[in-house]
Amino acid sequence: MLKSFKGGVHPNYHKELTCSKSFVEVKASDVVIIPLKMHIGAEAKPLVKKGDQVLVGQKIADTDAYIGAAVHSSVSGTVQKIDSTLLPSGLRGPAIFINNDGNYQLDPSIKPHKPLEELTPREIVDIVRDSGIVGLGGATFPTHVKLCVPEGKDVEYLLINAAECEPYLSCDHRTLLERTDDLFYGMKAAAKACGADHIKICIEDNKKDCLEFLTSRCGSDCEVVLLKTKYPQGGEKQLIKAVLNREVPSGTLPYEVGVVVINVGTAVAIAEAIKTGMPLVKRAVTVTGSIVNNPGNFIVPIGTTMDKLLEVVGGTKEKIGRIIYGGPMMGIAIHETDEPVVKGTSGILILSEKESPVIGEPDPCIRCARCVDHCPMHLMPNMLERYVSKGGLDKAKSMGLLDCIECGCCSYVCPSKRHLVQWIKVGKMEIAMQKRRDAENHKRSTPVATA
Amino acid sequence: MSPLILSLICMGSLGLVFGLGLALASRKFAVESDPHIDEIEAVLPKVNCGACGAAGCRAFAEAVSRGEMPTNGCIPGGGAVTDRIAQIMGVAADEMEERKVAQVMCGGDYEHAKLRSLYDGLQDCRAAVGASGGPKGCVYGCVRLGNCVKACLFGALKLSEEGLPEVDEKKCTGCNKCVEACPKDIIELRPVSMGVHVRCRSIEKGPQVRKWCSVGCIGCMRCEKACPSDAIHVLNNLAGVDYSKCTNCGKCVEVCPVGCIEQQGKAIIVRNAINTKSN
C-alpha cells in the first residue's frame, strides 16, 4: 500500500507533455524585471540605483529582517529604473529593471566556498541566506529560516519534496533525473545545517523511473519514499502526514514535529551556492499546455519576461485563453505577457480558449459535503465560505480559516461550482488587512515614551 | 369529586401560587432602566449601521442617556433625529455638522476605461482585486463588481449601466458603510454642498494613465493654475480639492483637458442657499 494522506483529488495530470523533455538553458530577455519581493517576509531594499552597472550574481537588494531574502542580478548590464510593476503574485510592488547587455559577465565575488566537510552548520545557513535561496516549490519561504532550527528543537528528518503533485508540471521530475549529483550534495548540506539524521526523498508513483536510480545512490542515512499520486501530496503538511504519520499543529512550523521539508529545486540551489558560489539567479520552469508548439523544461534567468518564453516555445497553435503562472490548481492567471518569471514560478501553463471556459454564476450549495470529504486539512469549506461571505470573520477563524492551504480541492470537487477557495482567500486577505489596521491603530494610540 | 374538578382545582391553585411568586419577584428584582433609552431608540433609524461608533442603535441610545455620546451622534438620522433626541433628553441640540454624502472618485466606466483582461471569477470586488489587482487596466480604478452597493443599508447606491456605482444623494446618509466595503478606497464622504470632485484616484504619471483611461487625471496642473482661490492642488500626479477654500466657481472644470473634474449643479444650488442664509 502506497503512503498517502486523507482527502485530496485526482485531477488529469497531463505530465506526458513535458516529462521526457530535458532542460534547455534560456537566455534572458533584453530587459529583465527583478522584483524586490519574490519571497515571504520583508521586502528587500535596493542596493543599486538608476544607471549603475551590474554583473551576473551581484547582490542588488537585501534586507536586515530575519524573514526575508537577498535579491541578485541574473544578467549583466545597466539599471534602467527602479519602478513599481505588477507581479505574478497579483500584487504591485517595486522592481529593478535591468537592460541586459548580453555578455553575462560574472561578478568577481562569485567563488566556490569551502568543501562541505569543512563548513559548520552556521556557515551553511549564512551561505543560503546570502544566496537569496527561498523555497522553489512555489511558496518561496526563505530557506535559511527553515534550516536555522531554534534552540531546544530537535530535527530528526529532512524530507526532500519531489512529489510535484500539481498537474502539468515536470521540472522537479527532470531535476531528479538530470541534477542528481547536485541534489545529493545539496540535501546533505541542508541536513547538516538543520541537524537532521535521516533524509527521505519523497516522490509520487508517477515518477517510478527515478526510484531505482535514486535508491542505488542512497547511503545508509537516506531513503526514497514512494507516495500515492494524489493532489496535494506535495503540500508540506500532507507530505509529513503521509511519510511519517505526524501532524503539524495548527499555526506552527514542521520542526515542532522534528521535520524540515525542502523542495528538490531548493536542494540543488543550495548545492550550487556552495559549490560555485552562484546565488539564486535562475530556476527550472516548465512551460506547457496542449496548444504550445514546443512545450518543455527550461532553466530561466529570474526576471525574464513571459514574452521571451513564448518566443522560446515557438508560440501556440491556437489563440491563448489564459496564461497561468504555476500549475492549474494553485496558479494565478496573469494579465499581461510582460510579467517576469520570479523565484516562485515553477511552471507556466498556457491554456486555449476552449480549456478556460467561463464558469458563470454558481448554483446553490446542496450540502453534499464533498468539499469536506476532500479537504486535505480536514476543514469545512462550505461553512468557511458562508461565514466569510456574510462577514463572520471571527466565526470563520474559529473554524480554522487560517489553516487552509488554498489547494483548491474544494472548488474542484464542488458540483455546484461554488467559489469556495476563492472566498476563503478573501477571508484570509481581510484578516491580514484587519491585523495591519490594528497594528497601525496600536502604534498611533501608544504614547511616545519620554525620558 | 370527579377527577376533572380535582385536577382543575390543583392546577388552578398551583398556577395562582406561581403567578403570585413571579409577580412578587418582578417587583422585588426589577432592573431599573432609564425610560429615555426606549424613547431615544424609538426615534433612531434602527439600521444598526455603527456610524456613530456604538455597537448598534440600542447601544447608542444607552450611551446618549448616560451623557457619554452627543445628541448629534446619529449620522444617518441627521438634524431631525438630533432635535428629537435633544427634546427627549431635555437639553439643547448639539450643532449638527453639514451632512456628508458618498462620492465615487472614479470616472472609468465601460466607455472610457479599458480592461487589460477578463475576470470571470468570484463576483466580489475583494476577490477581483486579489487576482492581480483586478481586470481593469488602471489598478486604482473601480472594479465595478458592486461591493459598495451590497453594503449600503439605505438603498442609496446602485451600479449604473455604464458600470460605475451611482449615489442617490437624497437617500445617502453618510454612514460610511460603502467606504469601508471598497477595497480600492474609491468612495469618500464629502459635505453635500461641495460640488467639485476630481473623479480619479490614479497616482500614475500622465502617459500611464492615458494608456488605460481617457478620463483619468494626468496631473497637468491646469486646474491648479486656473483656480482663483488656491483650492485645488496636484499632488502625486493627482488633483485634490481643498474644500475649506473651494467656492464652487467651476473654473477648474472648464480647463480640465480630460474631464475628470465634475461639478454637480444640484450641489451648487444647495451651497448657494446656505450662503444666502448666512448672509
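Numbered from 1 within each chain, the chains take letters A, B, ... in sequence-line order.
At most 12 heavy atoms of other shown residues, nucleotides or ligands fall within 6.0 angstrom of atom NZ in A:Lys50. Shown here is B:Leu118, whose CG atom has no more than 12 heavy atoms of other residues, nucleotides or ligands within 6.0 Å. No more than 12 heavy atoms of other residues, nucleotides or ligands shown are found within 6.0 angstrom of CG on A:Asp30. Counting non-hydrogen atoms of other residues, nucleotides and ligands closer than 6.0 Å to NZ of B:Lys158 gives a total of 12 or fewer.
The contact list for residues 341-350 of chain A toward chain B, using heavy atoms and a distance under 4.5 Å, is empty.
In this structure, the portion of A:Val426 lying under 4.5 Å from any heavy atom of chain B is its side chain and not its backbone.
The CG atom of A:Asp83 sits 8.5 Å away from the CD atom of B:Gln208 when rounded to the nearest 0.5 Å. The CD atom of A:Gln422 sits 11.0 Å away from the CG atom of B:Asp124 when rounded to the nearest 0.5 Å. Taken to the nearest 0.5 Å, the CZ atom of A:Arg322 stands 10.0 Å off from the OG atom of B:Ser117.
Here A:Lys425 pairs with nothing under the salt bridge (charged side-chain N to carboxylate O under 4.0 Å, His left out) rule; sequence neighbours left out. In this structure A:Arg386 satisfies the side chain to side chain donor-acceptor pair (under 3.5 Å) test with no other residue, sequence neighbours excluded. With sequence neighbours left out, B:Asp38 forms a salt bridge (charged side-chain N to carboxylate O under 4.0 Å, His left out) with B:Arg58.
Side-chain contact between A:Glu361 and B:Gln123 is present, with heavy atoms from C-beta onward closer than 4.5 Å.
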Worksheet item: Between A:Trp423 and B:Arg126, does a side chain to side chain contact (heavy atoms under 4.5 Å, CB included) hold up when you go through it step by step?
Response: CA-CA 9 Å; A:Trp423 271 118; B:Arg126 293 166 296 177; 3.6 Å; yes

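The two residues A:Pro357 and B:Asp120 make their nearest non-hydrogen contact at O-OD2, 4.5 Å.
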